[in-house]
Amino acid sequence: MHTIRYAALTLIGWLALAAPLAAQTPEAQRQVEDDVNSFSGIILAGGSVGAVIILLSIVAVGLAIDYLRTLRQPVLMPRALVEQVWQLAQQGQIAEALQVCHNDRSCLAIVLEAGLRHADEGWPAIEKGMEDALAEQAGKLYRRIEYLSVIGNIAPMLGLLGTVVGMVFAFRVVATTQGAARAADLAEGIYKALITTVEGLVVAIPALGLFAMFRSRVENMLGQLASTAQQTLAPLRAPRPAPRRTAPVAPPVEGR
């Protein structure tokens, strides 16, 4: 589901970038590119590599919005779920608690369900089941936010690629003119080449900052998740009273 959402967001961002360019005539595009003082001219100066970097920035914004919406306590640890499962566990209704967790499917519900499946084996087994499920959920949450780190590392590399390609074209001018190229001609090519470096850094710095912020949030949420799961199933920690055994009564001995 998240993959489809990101793909749709990427497609919309690409169309948003391509539509204004397609609507312009070649003369208008050259005029915008020549206008170095305009924002559109700076963006278009980056070429195709710059367009990819801008596309990555759109994806990063979409990811950040999605994480702000989903990496929250009400989403990962619904309060209603905690109260309902705690009451059922206190009453010993394990099957009903399992059904509630199965219908919720939040991170806390998955962890609680893993523990409730070992309710008949004692508290150590319950705790071990919750720890395994918590480790699995932690891996999923960390892998989700890893996309921001990937964007933060790829964007400056793409910027460097655009710069190197631009420098190659700039020195090709020197080679084709046999050294007769003016400094202004080289400066224009180098300017366009450095644009991609700036775009890559502008995208990478916020992406890495957001990745650090969301990683810290995930760590805090995992700590709260473990504590909440322990407290929710705390009624199962108390040992159940063992059935009372009565001494066998010897059969009466008939008198001889």
Nearest heavy atoms of [X] and [Y], plus distance in Å:
X	Y	answer
P156	A204	CD-CB, 3.4 Å
C107	L225	CB-CD2, 4.1 Å
C101	L116	SG-CD1, 4.0 Å
V203	S57	CG2-CB, 3.6 Å
A64	F214	O-CZ, 3.6 Å
I126	A119	CD1-CA, 3.7 Å

Side chains of [X] and [Y]: does their closest heavy-atom pair fall under 4.5 Å?
X	Y	result
I151	L63	yes
L112	T232	yes
I53	I154	no
I94	L236	yes
I145	L71	yes
V49	V165	no

Determine, using the 4.5 Å side-chain heavy-atom cutoff (strictly less than), whether [X] and [Y] are members of one ILVMFWY cluster.
X	Y	answer
Y147	V59	yes
L68	V218	yes
L148	V150	yes
L76	L222	yes
V82	V111	yes

Do R215 and S149 have a side chain donor and acceptor closer than 3.5 Å?
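Absent: no donor and acceptor within the cut-off.
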
Set of side chain to side chain donor-acceptor pair (under 3.5 Å) partners for [X], sequence neighbours left out:
X	value
Q99	N103
E121	H118
Q91	Q93
Q231	S227

Looking only at atom types and distance, does a side-chain atom of [X] sit under 3.5 Å from a main-chain N or O of [Y], one as donor and one as acceptor?
X	Y	value
Y67	R144	yes
S216	A212	no
R72	R69	yes

Got a sec, which residues hit side chain to side chain contact (heavy atoms under 4.5 Å, CB included) with E83, two or more places apart in sequence or on another chain?
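By the side chain to side chain contact (heavy atoms under 4.5 Å, CB included) rule, E83 matches R79.
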
Test side chain to side chain contact (heavy atoms under 4.5 Å, CB included) applied to S106 - qualifying residues, sequence neighbours left out
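Expected list: P78, L81, D104, L108, A109.
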
CG of L56 to CG of L158: how many Å apart, nearest 0.5 Å?
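One finds 6.0 Å between CG of L56 and CG of L158.
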
Of all residues at least two apart in sequence or in a different chain, which pass the salt bridge (Lys or Arg N to Asp or Glu O under 4.0 Å) check with [X]?
X	value
E96	none
R217	none
R105	E113
E127	none

For V202, which fellow cluster members are found when Ile, Leu, Val, Met, Phe, Trp and Tyr are connected by side-chain heavy-atom distances below 4.5 angstrom, either directly or through intermediates?
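So far as hydrophobic clustering goes, V202 is joined with V198.
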
Which residue pairs pass the ring pair (Phe, Tyr, Trp, His ring centres under 6.0 Å) test with at least one member in residues 119-142, sequence neighbours excluded?
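Pairs touching residues 119-142 that pass the test: none.
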
